[in-house]
Amino acid sequence: MELGGGSHESVERRRRHQHHFVLVHGLCHGAWCWYKAAAALRRAGHRATALDMAASGAHPARVDEVRTFEDYSRPLLDALAALPPAGGDGDDEERVVLVGHSQGGFSVALAAERFPERVAAVVFLTAAMPPVGRPMSATTEEHVNYVGAEFFLDSMELEQQNADIPGNPVIFGPNFMAQILYHLSPQENGTFRILLDPFDIGGGDSKKQKDLTLGLSLIRPTNKFTGDVLMRDPGLLTKERYGSTRRVFVVVEDDRGIPAEFQRRMVAESPGVEVVDFAGADHMAMISSPAKLAELLVRIADKAQ
């Protein structure tokens with residue numbers, strides 16, 4: 001709804017400068033984690049669509065019902081397939097800015113390979129960014145080797161309920177989330193509180209973090225799909241499609257989940273990718289620095305026009 005009227009020319013000018021951001025969450029999270037950044041983008045006059053991947057967030061599927069990485073990414077693939085097609089002169093085609101966070105980088109990479117003509121830019125926000133010509137699972141394996149097994153603290157591998165899905169689903173632990181993912185997220189002195197040590201009955205070392213508490217209440221077990229056929233296919237991502245899209249990597253300097261050194265290592269494996277440094281945020285940059293992130297995303301989108 002346009003408020004305040006205005007000439008047809010001014011409305012058209014605003015429409016041309018309005019971007020559509022499609023936001024994809026990471027492992028165990030959901031569309032809910034974008035609530036601050038999405039609101040900031042909408043206040044700035046843009047469209048923001050935050051999606052739940054299958055069996056994530058409010059998506060109705062159970063984790064054992066999502067058998068493949070393609071099934072997991074289906075909500076994103078369907079959203080791009082449903083975009084308005086190009087008209088005779090191409091003016092009616094909608095091109096979106098894909099933003100993948102963390103593990104969501106794999107889903108946006110797959111979407112860019114399938115629908116490069118519908119993508120204005122692919123933004124990897126401290127995200128897994130697979131290079132052309134290598135299996136996506138290699139990026140996950142390299143990250144695990146880089147940080148080491150002890151890095152994940154109290155996160156757990158759960159029993160696999162579906163024998164057709166290789167590997168086990170994982171769920172992040174509260175210490176891992178507080179110390180590694182949400183360590184710069186806003187603190188609140190209100191009623192939200194989590195005991196990081198279950199035996200700390202007095203709560204002396206408790207952290208009052210509303211977004212951490214929200215995250216712990218909403219995360220769901222997720223399969224990493226490292227053994228999935230699609231994830232292990234070295235020919236999946238091609239130079240002509242995924243490799244032809246404008247890719248921008250946002251290096252989150254203070255991230256503990258994917259350390260900046262490893263982020264830059266991924267960038268080095270993909271020549272031609274634009275790099276933007278982003279300071280003052282933790283791994284959950286859309287929560288710890290949403291307004292600054294929204295401004296950055298708009299600048300990236302403006303350059304794509």
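In this chain, numbering begins with 1 at the start of the sequence shown.
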**Message:** Exactly one of Leu80, Thr245, Leu23, Val123 should register a side chain to side chain contact (heavy atoms under 4.5 Å, CB included) with Leu98. Which one does?
**Reply:** Leu80
**Request:** Identify whether the distance between the nearest side-chain nitrogen and carboxylate oxygen of Glu274 and Lys303 falls below 4.0 Å.
**Result:** yes
**Asked** Counting only N and O atoms by type, is there a donor-acceptor contact under 3.5 Å from the side chain of Arg74 to the main-chain atoms of Ala54?
**Response** no
**Message:** Which label fits Phe152 and His143: parallel for a plane angle under 30°, tilted from 30 to 60°, or perpendicular past 60°?
**Reply:** perpendicular
**Message:** How close do His283 and Ser102 get, counting heavy atoms only, and between which atoms?
**Reply:** NE2-OG, 3.0 Å
**Prompt:** Hey, what's the ring geometry for Phe124 with Phe249, parallel, tilted or perpendicular (30° and 60° as the breaks)?
**Reply:** parallel
**Message:** Hydrogens and angles aside, do Asp302 and His19 bring a side-chain donor and acceptor to less than 3.5 Å of each other?
**Reply:** yes
**Asked** Can you tell me if CZ on Arg67 sees more than 12 non-hydrogen neighbours from other groups inside 6.0 Å?
**Response** no
**Check: Asn168 side chain, Leu158 main-chain N or O, donor-acceptor pair, under 3.5 Å** = yes
**Asked** Are side-chain N/O atoms of Asp211 and Ser185 paired as donor and acceptor at under 3.5 Å?
**Response** no
**Item:** ILVMFWY network linking Val63 to Leu216, side-chain heavy atoms under 4.5 angstrom
**Value:** no
**Request:** Determine the interplanar angle of the His101 and Trp34 rings, folded into 0 to 90°, and report it as parallel if under 30°, tilted if 30 to 60°, perpendicular if over 60°.
**Result:** perpendicular
**Asked** For Tyr242, is the NZ or CZ atom of Arg247 found under 6.0 angstrom from the centre of its six-membered ring and inside 45 degrees of the ring axis?
**Response** yes
**Message:** How close do Ala40 and Ala291 get, counting heavy atoms only, and between which atoms?
**Reply:** CB-CA, 4.5 Å
**Prompt:** Asn223 side chain to Phe225 main-chain N or O, any donor-acceptor pair under 3.5 Å?
**Reply:** no
**Request:** Answer yes if Met177 and Leu153 sit in the same cluster of Ile, Leu, Val, Met, Phe, Trp and Tyr residues linked by side chain heavy atoms under 4.5 Å apart, and no otherwise.
**Result:** yes
**Request:** Begin with the C-alpha distance, continue with both residues' side-chain angles, and end with the deciding distance and a verdict on salt bridge (Lys or Arg N to Asp or Glu O under 4.0 Å) for Arg134 and Glu269.
**Result:** CA-CA 10 Å; Arg134 292 186 60 201; Glu269 294 177 347; 3.5 Å; yes
